[in-house]
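See structure below.
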Amino acid sequence: RTEVLKHGETFAVFDRYGDLHQVLPGPQGLYHEGTRFLSRFELSLGAQRPMLLSTMVKEDNALVRIDLTNPDLMDGQRPVPRGTLHLCRTRFLWQGTCHERIRVRNYGERKFPLVLTIAMETDFADLFEARGRQRLRRGRRLNTIRSKTGLVLGYKGLDATIRRTYIRCSPVPKRVMPDGLKIEATIPPYADMTWEISISCEIKQRRSRVFLSYDRTQLDADRALHRIPRAHDAGRIAGVGGLGIDHLGRPKRDPLELGDLPVDHVPVDGFEGRARHDLAAGKPLQPVRSMPFEGSRVEETEGAQASSDG
C-alpha cells in the first residue's frame, strides 16, 4: 500500500511508514516535473525499522502524519520495552520542496540514547523509467556534495540540463554520509526532540538558496491554499495547528498536528490517552484503531506487526 502527496508539478509516492524504497521498476519516489529527484528515503531507529501505529493523509493530499513507535530494544544491558518512544513524522510539499518534521518523544523513566539513520539515494529517472522502461543512454551523475547540514545530489542529462536534489537537516545531524544522514541525541525522560528535513528539487543553474523553517513554510502554504485569515497567523506561528477560525474566533486545530498535544497525551486506541503513566507502568503504546476527523483518512494498522512494506 502506498500514499501520495501532490502540489503543483511535484508529487511523492511512499509507503505507510513514510519511507521510499529504491525498487525498480517501482513508483515510489519524490518527483518534480517528470523526474524522480529522490528514490530512497528510509528511516531506521538504531538498526531496526520503527513499528507503525497509524498513517493519516488529508483528502486534498496536502499533508500526511505518520505515527511510529520502537520495537523491543536494548540499551546496553537494559531492555527498552516496545512503545517507550513515540515518533511522529509530518510531511507536506510546497514549491518543489518536500518538508518533513520528525518529532521523537521519550515516555520512559530513563534517558534514551537515540540513533536515527536516514538512507537516501536518487536515480533521476523519468516517469517511463520508473515504470520499467529501459533507456539505451542516460546522462551522468555529478559528484555528491556534502556539508555539515546535508547533501546535494546532482545529475547532468543528455540535453545538458543539470538537476539537483538539495537535502538539508536542522538541527545539524551527527554525521552526513554520501548515502544519508545519522542523527544522534540523548533524550531525557518525558521529553521530546525535533528535527526538520527539507528536500528541494531544482532544474536550473546552481544558485544561492534560502531555506525556510517547517513552520514558516507551512504557514505560507496554508495562506495560499486555504486563505487562512490573518488573525489566525499568530496561532500558527506559536505552534498551534489550525484550519481557520471557529465560531468563538479561536483557531481551529488541525488533527494532523497532534504532535503539539500536551506531553502527557498521544493518540492511543482512538483517544488521547494517559500515555506517560501507562508506559511508566510498563504498558506499551497501542495501535490506533480509529481516529476519524473531517478532511482526512486513516490507515488502520497493527503496531505489533514488524513486517516491512515494499
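Note that the structure is predicted; figures quoted are calculated from it, not measured.
When all heavy atoms of Leu38 and Thr122 are compared, the closest pair comes out as N-OG1, 3.6 Å. In plain terms, the two heavy atoms of Leu20 and Leu30 that are nearest each other are CD1-N, 4.1 Å. Of all non-hydrogen atoms in Gly96 and Thr10, the two that sit nearest each other are CA-OG1, 3.4 Å. The nearest pair of heavy atoms linking Thr117 to Met177 is CG2-CE, 4.4 Å. Taking both residues in full, the closest heavy atoms of Tyr31 and Ala130 are given as OH-CB, 3.5 Å, listed atom of the first, atom of the second, then distance. Counting all heavy atoms, side chain and backbone alike, Pro189 lies closest to Gly108 at CB-O, 3.4 Å.
Here CZ of Arg164 is found 13.5 Å from SG of Cys201. Values are rounded to the nearest 0.5 Å. The structure places CG of Leu53 at 10.0 Å from OH of Tyr17, a figure rounded to the nearest 0.5 Å. With rounding to the nearest 0.5 angstrom, the CZ atom of Arg163 is 5.0 Å from the CD1 atom of Ile203. Here the straight-line distance linking atom CD1 of Ile187 with atom CG of Leu114 works out to 4.5 Å at 0.5 Å rounding. Note that CG of Asn70 is 9.0 Å distant from CD of Gln48, once rounded to the nearest 0.5 Å.
With hydrophobic clusters built from ILVMFWY side chains whose heavy atoms lie under 4.5 angstrom apart, Val115 does not share a cluster with Leu73. Taken together through direct or relayed side-chain contacts under 4.5 Å among Ile, Leu, Val, Met, Phe, Trp and Tyr, Val172 and Leu181 form parts of separate hydrophobic clusters.
One finds a salt bridge joining Arg40 and Glu42 here, because a Lys/Arg side-chain nitrogen approaches an Asp/Glu carboxylate oxygen to under 4.0 Å. A salt bridge is defined here as a Lys NZ or Arg NE, NH1 or NH2 lying under 4.0 Å from an Asp or Glu carboxylate O, and Glu3 with Arg16 fails to meet this definition. Comment: Arg146 does not engage Asp179 in a salt bridge, judged by the lack of any side-chain N to carboxylate O separation of less than 4.0 angstrom.
No hydrogens or angles considered: a donor-acceptor pair under 3.5 Å links the side chains of Ser200 and Thr97. For the residue pair Ser170/Glu196, the side-chain donor-acceptor check at 3.5 Å is not satisfied.
With a 4.5 Å cut-off on side-chain heavy atoms, Glu33 and Thr35 do not count as touching. Between Asn106 and Thr84, the closest side-chain pair of non-hydrogen atoms falls below 4.5 Å. Looking at Val64 and Thr90, their side chains never come closer than 4.5 Å, going by heavy atoms from C-beta outward.
Within the cation-pi definition used here (under 6.0 Å to the ring centroid, within 45° of the axis), Arg105 qualifies as a partner of Tyr107.
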Side chain to side chain contact (heavy atoms under 4.5 Å, CB included) between Arg78 and Arg110, worked out: CA-CA 11 Å; Arg78 297 180 301 186; Arg110 299 190 300 261; 3.0 Å; yes
Step-by-step side chain to side chain donor-acceptor pair (under 3.5 Å) determination, Ser54 to Asp67: CA-CA 5 Å; Ser54 67; Asp67 290 287; 3.3 Å; yes
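Just one residue in the list Val4, Thr55, Thr2, Leu5 forms a side chain to side chain contact (heavy atoms under 4.5 Å, CB included) with Phe14, and that residue is Leu5. Each of Ile197, Thr149, Val152 was evaluated against Arg168; a single residue qualifies, Thr149, per the side chain to side chain contact (heavy atoms under 4.5 Å, CB included) test. Leu85 pairs with exactly one of Asp192, Val80, Leu45, Leu68 by the side chain to side chain contact (heavy atoms under 4.5 Å, CB included) rule, that one being Leu45.
Under the rule for a side-chain contact (heavy atoms from CB on, under 4.5 Å), the partners of Tyr155 that lie at least two apart in sequence or sit in another chain are Phe124, Arg138, Arg141. Judged as a salt bridge (charged side-chain N to carboxylate O under 4.0 Å, His left out), and not counting sequence neighbours, the contacts of Arg89 are Asp19, Glu100.
The 12-atom threshold is exceeded at CZ of Arg135, counting heavy atoms of other residues, nucleotides or ligands nearer than 6.0 Å.
In this pair, His99 and Phe92 present their aromatic rings parallel. The plane angle is below 30°, not in the 30 to 60° band.
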